[in-house]
Amino acid sequence: MEIDRGDGRTANQLRPLACSRGVLNRAHGSASWSQGETKVLAAVYGPKAGTKKNENPEKACIEVIWKPKTGQIGKQEKECEMIVKRTLQSICLLTVHPNTTTSVIIQVVNDDGALLPCAINAACAALVDAGIPLKHLAVAICCCLAESKYVVLDPDKLEEQKMKAFVYLVFPNSPHLALPKESLQAGGEPMECGIITSVTHGKLEVDDYLLCLNRARAASEKLSEYLRRSLIAVPVGK
C-alpha cells in the first residue's frame, strides 16, 4: 500500500539536501545543513584549554549548546543537546587534544521536521570545517512509522505529527571508513554497518524497528555520498 505525502515524495525519498561550510567568519568551523525547509546552522569554537566540570582531563571535552529559533531552551532542547553531544563524542578522537574543550553551537533556523538528524549532520560538517580530528564521519536520518505500519523516511513537520512512532538513527559515513578491513568480516560473513546513535519515540515493535533500520541504512548511503561531496567542495568565502 502506498502512502500519500504532501510534497509528492515516495516513502523512501529524502527531501532536497543543501550543505555549506565556512559560513561564519568568527567561528573556527561552521556549516549550514538543510533538508527541505528544515535548516540548522552549526558553529565550532576550539579546542580551548581546560575541560568542563566532571569531564575527564585526559580526554578532550565536547560541549553542545542548542539554540532554538525562538524562545528559551526547554526539556526537549536539553535532550537534543545530550544526544548530539554523545554522538559527537563517539566520532571525535578525544585523545588527540586532552584537557581541552570544543564547543559546538547548534542554531535552529527553521524546523519543518526531522530537526535532530539535520542538526547532527550540520554539526559533523562543522567539525570537519574546524579541522577537529574524527574517527569517521557520520550521517543521521529520521524514519517514521504510520498507524498503518507504513514506513516513511525524512518526514516534514506535518508528517511527524501524524506518525505513530519514529526513530532517529546515526550511521558511520561508510563501514570501510569506520571499521578496519579485517573487522568487516565476522566468521566469514560480511558485517553490516554499525549504528552510532539510535533514539526512538512512540511504540515500536521489534519487527517495525528492524524495518526502519533497514530503510534508514539504505538511505544513509545517499546521505554519505552527498556529505562527502559537500566536504570536498570549497567552503563559502574561501
Assess the residue pair K78 and E81 against the criterion (salt bridge (Lys or Arg N to Asp or Glu O under 4.0 Å)); give the C-alpha distance rounded to whole Å, side-chain angles, the decisive distance to 0.1 Å, and a yes or no.
CA-CA 5 Å; K78 285 292 185 182; E81 280 185 347; 3.7 Å; yes
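- When all heavy atoms of A42 and I106 are compared, the pair lying nearest together is CB-CD1, 4.1 Å.
- For the pair F166 and C143, the minimum side-chain heavy-atom distance is 4.5 Å or more.
- Between the side chains of Y209 and S198, at least one donor N or O sits under 3.5 Å from an acceptor N or O.
- Minimum heavy-atom separation, A114 to T38: O-CG2, 4.4 Å.
- Heavy-atom neighbours of Q76 CD from other residues, nucleotides or ligands within 6.0 Å: at or below the threshold of 12.
- Listed for the Y45 side chain is no donor-acceptor partner under 3.5 Å among the backbone atoms of G29.
- The shortest side-chain heavy-atom distance between H97 and P47 falls under the 4.5 Å cut-off.
- For N214 (side chain) and L210 (main-chain N/O), a donor-acceptor pair under 3.5 Å exists by modelled atom type.
- Looking at residues two or more places apart in sequence or on another chain, you find a side-chain contact (heavy atoms from CB on, under 4.5 Å) between S32 and S20, V23, K39, L41.
- Residues N56 and N99 fail the side-chain proximity criterion, which asks for heavy atoms closer than 4.5 Å.
- Here the side chains of V84 and W66 are in contact, with some heavy-atom distance below 4.5 Å.
- Taking 4.5 Å as the limit, every side-chain heavy atom of I73 sits out of range of all side-chain heavy atoms of K67.
- Note that the CD1 atom of I120 and the CH2 atom of W33 stand 11.5 Å from one another [nearest 0.5 Å].
- Going from atom NZ of K48 over to atom NE2 of H28 covers 7.0 Å, rounded to the nearest 0.5 Å.
- A donor-acceptor contact closer than 3.5 angstrom is absent between the side chains of T101 and T51.
- Between D208 and K149 a salt bridge is recorded (basic side-chain N to carboxylate O distance below 4.0 Å).
- Side chains of V152 and N12 form no contact here, defined as non-hydrogen atoms less than 4.5 Å apart.
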Under the side chain to side chain contact (heavy atoms under 4.5 Å, CB included) criterion, do I141 and L223 qualify, and how do the steps go?
CA-CA 9 Å; I141 190 168; L223 277 169; 4.0 Å; yes
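- In terms of heavy-atom proximity, A31 sits nearest to A125 at CB-CB, 3.6 Å.
- Residue K222 qualifies as open at atom NZ: its count of foreign heavy atoms under 6.0 Å is 12 or below.
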Worked check of side chain to side chain contact (heavy atoms under 4.5 Å, CB included) between C61 and T102:
CA-CA 6 Å; C61 168; T102 296; over 6 Å; no
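- Here the closest non-hydrogen pair linking C212 and L169 is O-CD1, 4.2 Å.
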In sequence, state the C-alpha distance, the side-chain angles, and the governing distance for S103 and V44, and then conclude on side chain to side chain contact (heavy atoms under 4.5 Å, CB included).
CA-CA 6 Å; S103 298; V44 175; over 6 Å; no
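- Here V96 is tied into one hydrophobic group with L93, each link being a pair of ILVMFWY side chains closer than 4.5 Å.
- For the pair I196 and S90, the tightest heavy-atom approach, listed with the atom from each and the gap, is CG2-OG, 3.0 Å.
- Atom CG of L213 sits about 12.0 Å away from atom CZ of R215, to the nearest 0.5 Å.
- Among residue pairs with one or both ends in residues 84-103, those qualifying as salt bridge (Lys or Arg N to Asp or Glu O under 4.0 Å) are E55-K85; sequence neighbours excluded.
- Under a 4.0 Å N-O distance rule, the pair K157/D111 qualifies as a salt bridge.
- Going from atom CZ of R228 over to atom OG of S230 covers 11.0 Å, rounded to the nearest 0.5 Å.
- For residues 91-109, the set of pairs meeting the salt bridge (Lys or Arg N to Asp or Glu O under 4.0 Å) definition, not counting sequence neighbours, is empty.
- A distance of 10.5 Å separates SG in C144 from NE2 in H201, rounded to the nearest 0.5 Å.
- Between R9 and E159, at least one side-chain N (NZ, or NE/NH1/NH2) sits under 4.0 Å from a carboxylate O, which counts as a salt bridge.
- By the rule that hydrophobic residues join a cluster once side-chain heavy atoms approach within less than 4.5 Å of another member, I105 and V109 end up as members of separate clusters.
- Counting heavy atoms from C-beta on, the side chains of V170 and I195 never come closer than 4.5 Å.
- At most 12 non-hydrogen atoms from other residues, nucleotides or ligands lie less than 6.0 angstrom from CD of E37.
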Test side chain to side chain contact (heavy atoms under 4.5 Å, CB included) applied to I91 and L137, step by step:
CA-CA 7 Å; I91 67 171; L137 300 174; over 6 Å; no
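- L204 and T200 make their closest contact through CD1-CG2, 3.9 Å (heavy atoms, listed as atom of the first residue, atom of the second, distance).
- When the salt bridge (Lys or Arg N to Asp or Glu O under 4.0 Å) test is applied to D112, no partner is found at least two apart in sequence or on another chain.
- The side-chain contact (heavy atoms from CB on, under 4.5 Å) check on C92 picks up I62, L94, L127, I132, L134, with sequence neighbours excluded.
- D154 and Q35 form a side-chain donor-acceptor contact under 3.5 Å, judged by distance and modelled atom types alone.
- Between V40 and L115 there is a side-chain heavy-atom pair separated by less than 4.5 Å.
- Here the straight-line distance linking atom CD of E147 with atom NZ of K162 works out to 12.5 Å at 0.5 Å rounding.
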